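One structure is given here, and the rest of the page talks about it.
Predicted model, so just to flag it, every value in this text is computed and none were measured.
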2 protein chains.
Amino acid sequence: MTDFFSPYWHPAVATDVALFTLRQGELHLLCVKRRDDGKWALPGGFMQQGESLDQCAARELKEEAGIEVPYLNHFANYSEPDRDPREQVISIAYLAIHPSGKLRLKADTDVSDVNWFDVRDLPSLAFDHNKIAADAQKHLTGLMERKPEIAFAFLPASFTLSELQQTFEAIAGDKYAPHNKRNFRLWTERFGGIGLVVETGDLRTGAHRPAKLYAPNPKLF
Amino acid sequence: MTDFFSPYWHPAVATDVALFTLRQGELHLLCVKRRDDGKWALPGGFMQQGESLDQCAARELKEEAGIEVPYLNHFANYSEPDRDPREQVISIAYLAIHPSGKLRLKADTDVSDVNWFDVRDLPSLAFDHNKIAADAQKHLTGLMERKPEIAFAFLPASFTLSELQQTFEAIAGDKYAPHNKRNFRLWTERFGGIGLVVETGDLRTGAHRPAKLYAPNPKLF
DNA sequence: CCAAAAGTGTTGATCCTACACCCATGT
DNA sequence: ACATGGGTGTAGGATCAACACTTTTGG
């Protein structure tokens, strides 16, 4: 289909993805190194004809980092006319979550490197990507309090309650910490009147009492 | 600035605005009648070079309906390739609130009519605008529970507590209704540890005991 | 005096915070 | 036996739903 009728200006449209994961209990963000100018940036790229924005974001993540994620959702737009000095580019920003820091790095044609960075120590990113990353983290924190189920996206299919609690603490901060452990467990039991998690029946062993393994409560979905 | 470097496809980008107000205690949505095809639609239109998306949404609202609003924020994107049969158009959807149904109708070149519709009885709208409107209403309900301050955008500068409560009931449904009045008032007092509203000192008279007038608590902003 | 809407007191249930305590395993 | 993390009981305070009640105006 061609732009047969359009007397209107068409801007460039790109998706940018803030992909978070936990590594050693700390929140990390995925960045790619642009072959263009050698700068670190959020993964992402220009939209192609015939795809939706969601598809574009998923495609770019796959191309630039060889990665597919269980959570990928739009959270904000960035459209200031001068945010890209070359021409006006609308950035559709996505928040994504990956369960483990293990990813097979894959550099495609536009990208010479891929890496995780601790969110408290990000490099200087291209364009307004530092702001996008900060907004994404703030959005993630709010989402965590509103829809705690997304915590599961950070974890494997089964996990201990301590791991779940550490996930909440790493992202939503001390909200879930003060005299907890007891209270966190009570909260998961009461959650939604139905329980946030269910026991799998399996145990994880270690140099201490074995821990019960849990999975997301399927009745929540 | 011209698109000197862009080997990329550029889609058409438009903003669409779901503007809500209360009339006789019921939630209403603003629609415009397109001169093009005679269909009702959400107000909105194509982005112009040099403006941001926020500016575009505000401009279209002003042009098509002669209206400026206290609340106007992005809430979702719509980008399915076939949502507009003419060419692929990305719609950036905004949620807006206007305090009273009194607006000076203004038909510009693209629009032959403007009107409020009860949200429970919307006409068939152009493109996917019925879905956008439904999503906007759902978003509004959630926002109301998360950030009750936005209720003020539906009201004039001062109001009675009953009016405030009716606003919540119209939008968030029975959540604020069951045996309330007493409980609603207690909730506003406790809100944020500081109170949702402050007394203005004025009264509103009627065929009953006069009601105290209130204003948004300025300490909340 | 009565209709109508404004506005208040209070109780019992529920939820949450905080702290103290016990349990099962590997070394 | 002891270090380590897993896992529970419960008292006291805060919060909230529910119901019954009093107050002030206009007509």
Side-chain angles (χ1 to χ4, degrees), chain A residues 22 24-26 144-146 148 151 155-156 158-170 172-217 220, chain B residues 22 24-25 144-146 148 151 155-156 158-170 172-215 217 220:
Chain A
L22 287 176
Q24 297 98 241
E26 296 296 338
M144 203 82 171
E145 287 171 15
R146 214 157 67 246
L155 294 167
S158 73
F159 45 82
T160 67
L161 276 186
S162 293
E163 287 166 350
L164 184 61
Q165 183 174 356
Q166 282 158 22
T167 302
F168 279 95
E169 288 178 17
D174 296 346
K175 172 97 201 303
Y176 292 87
H179 292 80
N180 275 332
K181 188 172 77 171
R182 182 67 188 113
N183 295 339
F184 180 79
R185 293 167 115 92
L186 287 174
W187 174 72
T188 63
E189 284 170 23
R190 276 192 306 259
F191 185 85
I194 190 185
L196 184 60
V197 294
V198 294
E199 298 184 14
T200 65
D202 297 326
L203 298 174
R204 168 162 313 158
T205 57
H208 50 76
R209 174 175 174 174
K212 284 182 184 166
L213 286 174
Y214 294 84
N217 187 339
L220 290 172
Chain B
L22 286 176
Q24 297 98 241
M144 204 80 170
E145 288 171 13
R146 212 155 71 243
L155 293 167
S158 73
F159 45 82
T160 69
L161 275 185
S162 291
E163 288 167 349
L164 184 61
Q165 183 174 355
Q166 282 158 22
T167 302
F168 278 95
E169 288 178 15
D174 296 345
K175 171 93 202 302
Y176 292 87
H179 292 81
N180 273 330
K181 189 171 73 170
R182 182 71 188 111
N183 295 337
F184 181 79
R185 293 168 115 90
L186 289 174
W187 175 72
T188 63
E189 284 169 23
R190 278 191 305 256
F191 185 84
I194 191 185
L196 185 60
V197 294
V198 294
E199 296 184 16
T200 65
D202 297 327
L203 298 173
R204 167 163 311 160
T205 58
H208 50 76
R209 174 173 176 175
K212 285 183 183 166
L213 286 174
Y214 294 83
N217 187 338
L220 289 173

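Between B:Thr167 and B:Leu155 the shortest heavy-atom distance is OG1-CD2, 3.6 Å. The minimum heavy-atom distance between A:Gly25 and A:Ala170, with the atom names listed, is O-CB, 3.5 Å. For the residue pair B:Gly195 and B:Leu220, the shortest heavy atom distance occurs at O-CD1, 3.9 Å. Contact record, A:Ala151 with A:Leu164: CB-CD1, 4.2 Å, taken as the closest heavy-atom pair.
Remark: A:Ser162 is in phosphate contact with D:dG6, judged by side-chain N or O atoms under 4.0 Å from OP1 or OP2.
Going from atom NZ of B:Lys212 over to atom P of D:dT25 covers 12 Å, rounded to whole Å. The distance from atom CG of A:Leu164 to atom P of D:dG7 is 12 Å, rounded to the nearest whole Å. For the pair A:Phe184 CZ and C:dA18 C1', the computed distance is 18 Å after rounding to whole Å. Spacing between atom CD of B:Gln166 and atom P of C:dA5 amounts to 10 Å, rounded to whole angstrom units. The nearest whole Å value for the distance from the CZ atom in B:Arg182 to the P atom in D:dA20 is 15 Å. For A:Asn180 and D:dG7, the CG to C1' distance is 14 Å, given to the nearest whole Å. Atom OH in A:Tyr214 sits about 11 Å away from atom P in D:dG6, given to the nearest Å. Going from atom CH2 of B:Trp187 over to atom C1' of C:dG7 covers 18 Å, rounded to whole Å.
Taking the six-membered ring where the residue is Trp, B:Trp187 and B:Phe191 present perpendicular rings, their angle passing 60° and hence far from 30°.
Expressed to the nearest 0.5 Å, how far CG of B:Asn180 lies from CZ of B:Phe168 amounts to 11.5 Å.
A:Glu189 meets the salt bridge (Lys or Arg N to Asp or Glu O under 4.0 Å) test with no other residue; sequence neighbours excluded. Every residue two or more places apart in sequence or in another chain was checked for a side chain to side chain donor-acceptor pair (under 3.5 Å) with A:Gln166, and none qualifies. Remark: A:Arg204 pairs with A:Thr160, A:Glu163, A:Leu213 by the side-chain contact (heavy atoms from CB on, under 4.5 Å) rule, at least two apart or across chains.
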Distances under 3.5 Å between nitrogen or oxygen atoms of protein and nucleotides 11-13 of chain D:
none

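For the pair B:Gln165 and B:Thr188, the minimum side-chain heavy-atom distance is 4.5 Å or more.
Closest to the side chain of B:Ala211, out of C:dA6, C:dT8, D:dT8, is C:dA6.
The stretch residues 189-202 of chain B touches DNA chain D through B:Arg190, each having a heavy atom under 4.0 angstrom from the strand.
Screening residues 191-200 of chain B for salt bridge (Lys or Arg N to Asp or Glu O under 4.0 Å) gives B:Glu199-B:Lys212 as the qualifying pairs, with residues at least two apart or on separate chains.
A donor N or O paired with an acceptor N or O is found under 3.5 Å between the base of C:dA18 and the side-chain atoms of A:Asn183.
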Each nucleotide of nucleotides 21-27 of chain C classed B (base within 4.0 Å of a protein heavy atom), S (only sugar-phosphate) or -, in 5' to 3' order, makes --BBBS-
